[in-house]
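Computed over heavy atoms, backbone and side chain alike; hydrogens, waters and symmetry mates excluded.
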Amino acid sequence: MPVYVDYDVPADLQERALETLEVARDTGTVKKGTNETTKAVERGNADIVFVAEDVSPEEIVMHLPELAEEKGIQVVFVETQDELGNAAGLEVGSAAAAVVDAGDAEGDVEDISTKIEDLQ
């Protein structure tokens, strides 16, 4: 696990979070990739942020947890870029993603955010 992760997200919560990302992708708005995710967080538009743990070099995404914390946005760490990219609707992996409009996943996003906060 990379250096910047100071808490473990249980596998079942990761899976639920990725399913929630899929629902948000289909019914709301999701930003994909490190640059788009960073912009959404900086603008305060993100409801929740996803970061892949297998990003190399980790410097690509290591600014996101701190930036999200400053804005009061929870971060879900998922195991692989492939899982994250797939859930975000990409055919390739993605280092990061952000839910901007949760759509039908609004309740799930709030619930997952609360569970992530409890892990910290």
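- Cluster membership for I112 and V9, using ILVMFWY side-chain heavy atoms within less than 4.5 angstrom, is shared.
- Between the CZ atom in F50 and the CG atom in L64 there is a gap of 13.0 Å [rounded to 0.5 Å].
- Under the 4.5 Å side-chain heavy-atom criterion for grouping Ile, Leu, Val, Met, Phe, Trp and Tyr, V100 is not connected to V78 through any hydrophobic cluster.
- Here the straight-line distance linking atom CD1 of I48 with atom CD of Q74 works out to 7.0 Å at 0.5 Å rounding.
- Residue pairs meeting the side-chain hydrogen bond (donor to acceptor under 3.5 Å, both in side chains) criterion with at least one partner in residues 82-92, sequence neighbours excluded, are T80-E83.
- In the hydrophobic cluster analysis, where Ile, Leu, Val, Met, Phe, Trp and Tyr join through side-chain heavy atoms closer than 4.5 angstrom, V23 is grouped apart from V30.
- Residues that satisfy the side chain to side chain contact (heavy atoms under 4.5 Å, CB included) test with A46, not counting sequence neighbours, are A40, V41, V49, I73, A98.
- The hydrophobic cluster containing V99 also contains L67, counting ILVMFWY residues as joined when their side-chain heavy atoms lie under 4.5 angstrom apart, directly or transitively.
- Pairs engaging residues 69-78 under the salt bridge (Lys or Arg N to Asp or Glu O under 4.0 Å) rule: none recorded [sequence neighbours left out].
- Looking at every heavy atom in both residues, A68 comes nearest to V75 through CB-CG2, 3.5 Å.
- Hydrophobic clustering of Ile, Leu, Val, Met, Phe, Trp and Tyr side chains at less than 4.5 Å, counting indirect connections, keeps I60 apart from L90.
- Atom-to-atom distance recorded for D54:CG and L84:CG is 9.5 Å, nearest 0.5 angstrom.
- L13 has its side chain out of reach of V76: every pair of non-hydrogen atoms, C-beta onward, lies at least 4.5 Å apart.
- Between atom CD of residue Q14 and atom CG of residue L21 there is a gap of 12.5 Å, rounded to the nearest 0.5 Å.
- Residue pairs satisfying the side-chain hydrogen bond (donor to acceptor under 3.5 Å, both in side chains) criterion with at least one member in residues 93-119, sequence neighbours excluded, are listed as follows: R16-D108, R16-D111, D111-K115.
- Looking at every heavy atom in both residues, E53 comes nearest to F77 through OE2-CB, 3.6 Å.
- Residue pairs that meet the side-chain hydrogen bond (donor to acceptor under 3.5 Å, both in side chains) test with at least one member in residues 25-40, sequence neighbours left out, are T38-H63.
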